[in-house]
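Being a predicted model, the structure only gives us computed values, none of them experimental.
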Amino acid sequence: MEDHQLVERSRAGDAAAFEELVKRHQGRAYAIAYRMLRNREDAQEVAQEAFARAYFRLAEFRGTAQFKTWLYRILVNLATDQLRRRRPEVPEGDAVLQQVNIGENPGENVERQELRQSITKAIEALPPDLKTVVLLREFEGLSYAEIARVIRRPVGTVMSRLFHARRRLQASLGVYWEGES
């Protein structure tokens, strides 16, 4: 069953239909929240709150975007609010970056670990508006149009923010490409 059908069934009072939407999207929602917040408990809390808000606001969902895009907009707004309220802290290791296949060569392992840490630091150093578009594009694979709907900005703004974010990341991580030429 498609998401839009599950939304309609949920609106009609079918709790199992909304549970199915949660099952389908909870992993991605948590991943986005975690990448933004860098804290497991905060990410779980924000993801749960996003689903709760989505459930109670299903009547407001017009269906002009995909359900996941609408949900991600709620999630990103909640995570951004959480970031504004908190003090800066040392980020946890990125689960996605930790999954990169590590070779058997100890020297390669050290280099890859350093690269993972550098990438994580560089992404964390981005301003929230740039960080959000990078995470949604590079880690979640959303299209420019989907990102534009999530952050409620024109596609041109998304493209501009991605350009500036990538430029900053390249400047921060330039040392890793200098040896590659």
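Here the side chain of T120 pairs a donor or acceptor atom with the backbone of R116 at under 3.5 angstrom. R73 places a side-chain N or O within donor-acceptor distance of the main-chain N or O of R149, the cut-off being under 3.5 Å. Although no hydrogens or angles enter the test, the distance criterion places a donor-acceptor pair under 3.5 Å between the side chain of R28 and the main chain of E140.
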### Query
side-chain hydrogen bond (donor to acceptor under 3.5 Å, both in side chains) between Q82 and R85: does it pass, once the steps are laid out?
CA-CA 5 Å; Q82 177 90 345; R85 288 191 301 267; 2.8 Å; yes
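In this structure, the separation between CZ on R137 and OG on S143 is 7.0 Å, given to the nearest 0.5 Å.
Within the structure, side-chain hydrogen bond (donor to acceptor under 3.5 Å, both in side chains) contacts touching residues 2-13 (residues at least two apart or in different chains) are D3-R24, D3-H25, E8-R11, R9-D14.
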Enumerate donor-acceptor pairs with a distance under 3.5 Å from any side-chain N or O in residues 46-55 to protein atoms, sequence neighbours excluded.
{"from": "E49", "atom 1": "OE2", "to": "R53", "atom 2": "NE", "distance (Å)": "2.8"}

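Using bins of under 30°, 30° to 60° and over 60° for the plane-to-plane angle, the ring pair F67/W70 lands in the tilted bin.
Taking every heavy atom of both residues into account, A29 and L75 meet most closely at O-CD2, 3.2 Å.
Taken together through direct or relayed side-chain contacts under 4.5 Å among Ile, Leu, Val, Met, Phe, Trp and Tyr, F163 and L173 form parts of separate hydrophobic clusters.
In this structure the side chain of K131 never reaches within 4.5 angstrom of the side chain of R35, judged on heavy atoms.
Residues passing the side chain to side chain contact (heavy atoms under 4.5 Å, CB included) test with T80 are M36, V76, R84, sequence neighbours excluded.
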